[in-house]
Amino acid sequence: MVGSMEHEPFYTSGTYAVPEMGVYGGWVVHENSFAVGQVFFNEQKNIALLFSGECFVDRETRADLRRKGHELGEAAGSWLVHLYEEQGDRFFEKLNGLFSGLLIDKRRNRAFLFNDRYGLERIYFCETKDATYFASEAKALLRILPELRAFDEEGVAQFLTYGCTLERRTLFRGIQLLPGASVWSFEGGKCQKKKYFCPETWQTQPTLSVESFESEFQETFKRILPRYFESGSKIGISLTGGLDTRMIMACRRKAAEQPVCYTFSGENGQTLDDRLAARVAKVCGLDHRLLRLGTDFFSDFTSHVDRTVYATDGCFGVLGAHEIYLNRQARQLAPVRLTGNYGSEILRGVSTFKPLGLSPNLFNPDFMRSLTSSTRLVAGGNEHPVTSAAFREVPWNLFGSLAAGRSQVTFRTPYLDNKIVALAYQAPGTLRASPLPAVNLVKDNATSLYNIPTDMGEMGKTRGLAYPLRRFYSKATFKLDYLNNEQFPRWLSPLDSVFTRVTSSLKIVGLHKCLQYRRWLRREQADYLKDVVSNARTQQAPFWNRGFLEKMANDHVEGRHNYVSEINAVLTLEAVERLLLRGARSGEEELNRLDAPVIHPFFAEVV
């Protein structure tokens with residue numbers, strides 16, 4: 001199992017077992033990361049901790065630990081063990097961050113399996129009559145349990161409807177996901193399943209007034225942000241032209257070692273992100289780099305797709321092939337990546353979580369019936385928007401990008417901090433979708449950054465009539481760029497070439513987005529696309545209308561229709577079947593040829 005997750009030279013690994021308790025575990029972690037140096041013990045070595053991810057303690061807990069002689073500079077897991085000794089079963093609700101772990105308490109003859117509140121540090125599990133198997137990656141379970149090497153039809157139906165699986169489902173038969181905020185205790189061959197937190201705890205807080213919320217938001221953000229800059233390794237800020245990284249830069253404290261800033265970009269040209277991020281970094285006196293897609297990304301595109309699918313257990317596919325490639329470059333600058341990810345979802349209710357709307361012609365008629373019966377709303381109409389964002393959209397819909405990125409770098413965002421998410425529930429209705437709290441925070445803490453507009457036209461020196469015009473222009477060009485690069489309507493496909501020429505001449509194409517998969521699959525990767533969809537293994541898959549696949553590829557390449565979403569679905573599931581299902585059966589040779597970076601640091605079996 002460990003071998004299936006260890007594919008980068010900067011990974012370290014190990015195993016640990018307590019046979020008398022029937023507990024067997026192992027881990028794979030990045031060197032010099034928060035969880036390096038496992039296993040973590042107390043002084044008596046009767047408590048052991050295997051840990052994945054990072055944990056950020058609040059100011060009160062930090063002060064309490066130091067009063068009792070525990071320095072946070074020691075091995076991270078060591079002070080977590082001390083915290084468990086002091087808090088007992090309340091230990092889990094004290095944790096803050098994205099993490100999972102296995103805690104073995106020999107004193108109580110009990111083991112605890114736990115994860116973060118959102119379930120973002122995933123734990124895949126399978127329960128048999130003899131044991132509970134769990135791992136940070138599904139591939140570790142597929143390697144040792146042959147009966148799991150098949151698609152889960154309901155999971156595939158969800159994936160083809162929403163672009164991800166929902167709740168506990170995965171793509172694999174018999175493998176489920178541990179729900180967020182779980183703590184499962186194993187004792188005497190029995191498993192007790194509990195949750196240490198539920199969103200209703202935050203949802204029942206009183207709503208604040210506009211003035212109180214803005215004041216509390218600024219105080220909380222400035223108080224929690226410094227913990228995300230604490231690191232024994234160099235920090236890189238993944239800087240964009242948006243509000244969320246701007247808030248980080250506005251409230252960043254100067255430190256002895258300055259972080260490096262970088263922006264992911266395309267093969268050439270400059271987007272608004274590129275230009276605005278460079279201006280922001282310059283004002284802050286920080287180095288800024290553009291990390292680009294090189295010619296090798298396109299010449300070795302097939303391997304990048306396979307590597308992405310394998311590393312993410314199929315949660316990210318063809319349209320995410322750039323993620324590992326760019327994050328590898330980021331690691332060369334700094335092994336820790338601080339981002340503004342999820343700020344817009346948590347604080348402003350921005351959502352991309354919706355049905356994909358794939359062509360019904362794509363599916364085998366028998367599977368189409370299963371697909372139709374599986375479709376449902378991803379959240380109830382009365383669900384709180386922060387609950388929907390933090391506990392559904394982020395861990396389900398946005399997990400693939402996170403999984404690919406953190407195979408290379410340690411991923412950090414302040415916008416999933418317990419304090420920030422809890423406070424987001426208290427926002428008054430008028431501010432739940434408003435950029436005003438973010439804009440005012442930047443204005444009040446860094447006027448020089450407030451004077452630089454964002455990619456959506458917020459802030460900047462321009463006032464009067466020019467301000468709403470700039471906002472309209474930014475939103476309109478973003479929508480046009482999105483249509484050109486991703487979701488160009490099929491009914492407009494005959495006018496595609498005209499649309500592209502016009503938007504290019506107006507310098508709209510590439511203004512916001514550097515990723516042009518629709519064009520790449522039509523041109524540079526056309527042969528790859530045709531090879532995969534014409535492959536007999538793909539055509540024989542039970543999900544597809546075999547007669548439509550070749551037509552789909554030809555129509556997309558010839559510009560008659562835009563099938564980028566359908567192509568992503570077909571090619572991703574083909575790679576899942578080849579690499580993770582048949583690949584598990586064929587041993588390590590095919591997987592090792594990918595040189596695939598694999599994430600998440602532990603597996604275990606509890607008998």
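Only a predicted model underlies this, so the values are computations on that prediction, with no experimental measurement involved. For this chain, numbers begin at 1 and follow the sequence in order.
A salt bridge links Lys234 with Glu257; the closest basic N to acidic carboxylate O contact falls under 4.0 Å. Salt-bridge formation is not detected for the pair Arg412/Glu230: no Lys NZ or Arg NE/NH1/NH2 atom is positioned less than 4.0 Å from an Asp or Glu carboxylate oxygen. Ion pairing of Glu127 with Lys193 is present here, as a side-chain N (NZ or NE/NH1/NH2) and a carboxylate O approach within less than 4.0 Å. Salt-bridge check for Arg223 with Asp417: failed, with every basic side-chain N at 4.0 Å or more from each acidic carboxylate O.
A heavy-atom distance below 4.5 Å is found between the side chains of Trp184 and Phe125. Inter-residue side-chain proximity for Leu402 and Val394 is flagged as unmet; no heavy-atom pair is nearer than 4.5 Å. Side-chain contact between Leu580 and Phe172 is present, with heavy atoms from C-beta onward closer than 4.5 Å. The shortest distance between side-chain heavy atoms of Leu581 and Arg173 does not fall below 4.5 Å. You'll find the side chain of Glu345 stays beyond 4.5 Å of the side chain of Thr352, heavy atoms only. Using a 4.5 Å heavy-atom cutoff, the side chains of Thr308 and Glu323 are not in contact. In this structure, Tyr124 and Leu177 have side chains that are in contact, with non-hydrogen atoms separated by less than 4.5 Å. Leu50 is listed as a side-chain neighbour of Val39, based on a closest heavy-atom distance under 4.5 Å.
In terms of the ring-ring contact (aromatic ring centres under 6.0 Å, His included) criterion, residue partners of Phe92 (sequence neighbours excluded) are, by chain and number, Phe112, Phe114.
Here the rule is side chain to side chain contact (heavy atoms under 4.5 Å, CB included) with Thr410, and of Val336, Asn32, Ile235 only Val336 fits it. Between Glu8 and the choices Arg331, Arg307, Arg328, the salt bridge (Lys or Arg N to Asp or Glu O under 4.0 Å) rule is met once, by Arg328.
Distance alone, capped at 3.5 Å, places no donor-acceptor pair between the Gln426 side chain and the Leu208 backbone. Put simply, the side chain of Gln38 gets close to the backbone of Phe51: a donor and an acceptor are under 3.5 Å apart. Between the side chain of Ser407 and the backbone N or O of Ala404 there is at least one donor-acceptor pair closer than 3.5 Å. For Arg149 (side chain) and Leu142 (main-chain N/O), a donor-acceptor pair under 3.5 Å exists by modelled atom type. Not a single donor-acceptor pair under 3.5 Å links the side chain of Lys419 to the backbone N or O of Thr220. Proximity of a side-chain donor or acceptor of Asn42 to a complementary backbone N or O of Asn46 within less than 3.5 Å is detected. Judged by distance alone, with hydrogens and angles left aside, the side-chain atoms of Asn327 form no donor-acceptor pair with the main-chain N or O of Gln408 at under 3.5 Å. Judged purely by atom type and a 3.5 angstrom limit, Asp152 has no side-chain atom pairing as donor or acceptor with the backbone of Leu171. Arg392 places no side-chain N or O within 3.5 Å of a backbone atom of Glu167 that could act as its donor or acceptor partner. Looking only at distances, a side-chain donor or acceptor of Thr161 sits under 3.5 Å from a matching main-chain atom of Ala157.
With Phe56 as the aromatic partner, Arg227 does not meet the cation-pi criteria of under 6.0 angstrom to the ring centre and within 45 degrees of the ring axis. The side-chain tip of Arg122 points at the ring of Phe399 from less than 6.0 angstrom away and within 45° of straight on. With Phe229 as the aromatic partner, Arg253 does not meet the cation-pi criteria of under 6.0 angstrom to the ring centre and within 45 degrees of the ring axis.
Ring geometry for Trp202 against Phe391 counts as tilted: the plane angle lies between 30° and 60°, on a 0 to 90° scale. In this structure, His30 and Phe10 have perpendicular ring planes: the angle between them is above 60°, well past the 30° mark.
The 12-atom threshold is not exceeded at CD of Gln192, counting heavy atoms of other residues, nucleotides or ligands nearer than 6.0 Å.
Between Ser185 and Arg110, the side chains place no donor N or O within less than 3.5 Å of an acceptor N or O (distance only, hydrogens not considered). In summary, the side chains of Tyr415 and Ser344 do not present any donor paired with an acceptor at a separation below 3.5 Å, with no hydrogens or angles considered. Under 3.5 Å, the side chains of Gln218 and Glu214 contain no donor-acceptor pair of N or O atoms.
Scanning both residues, Asp105 and Ile47, for their nearest heavy atoms gives OD1-CG1, 4.0 Å. Considering all non-hydrogen atoms of both residues, Val442 and Ala250 come closest at CA-CB, 4.0 Å. Contact record, Ser434 with Pro437: O-CD, 3.6 Å, taken as the closest heavy-atom pair. Listed here is the closest heavy atom pair of Cys261 and Leu286: SG-CD1, 3.7 Å. The shortest heavy-atom contact between Phe411 and Arg406 is CB-CB, 4.1 Å. The heavy-atom pair separating Ala48 from Phe41 by the smallest distance is CB-CE2, 3.6 Å.
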Discussion item. Show, in sequence, the C-alpha distance, side-chain angles and deciding distance for Asp89 and Arg108, and conclude whether the salt bridge (charged side-chain N to carboxylate O under 4.0 Å, His left out) test is met.
Written reply: CA-CA 12 Å; Asp89 290 352; Arg108 302 166 65 183; 3.0 Å; yes
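Distance CG/Leu449 to OG1/Thr454: 12.5 Å, rounded to 0.5 Å. Between Ser136 atom OG and Lys139 atom NZ the span is 10.0 Å, to the nearest 0.5 Å. To the nearest 0.5 Å, atom OG1 of residue Thr207 and atom CZ of residue Arg432 are 6.0 Å apart. Separation of atoms CG (Asp116) and CG (Leu98) is listed at 5.0 Å; rounding is to 0.5 Å. The CZ atom of Phe134 sits 9.0 Å away from atom CG of Leu178, with the distance rounded to the nearest 0.5 Å. The distance from the OH atom of Tyr16 to the CG atom of Leu49 is 11.0 Å, given to the nearest 0.5 Å.
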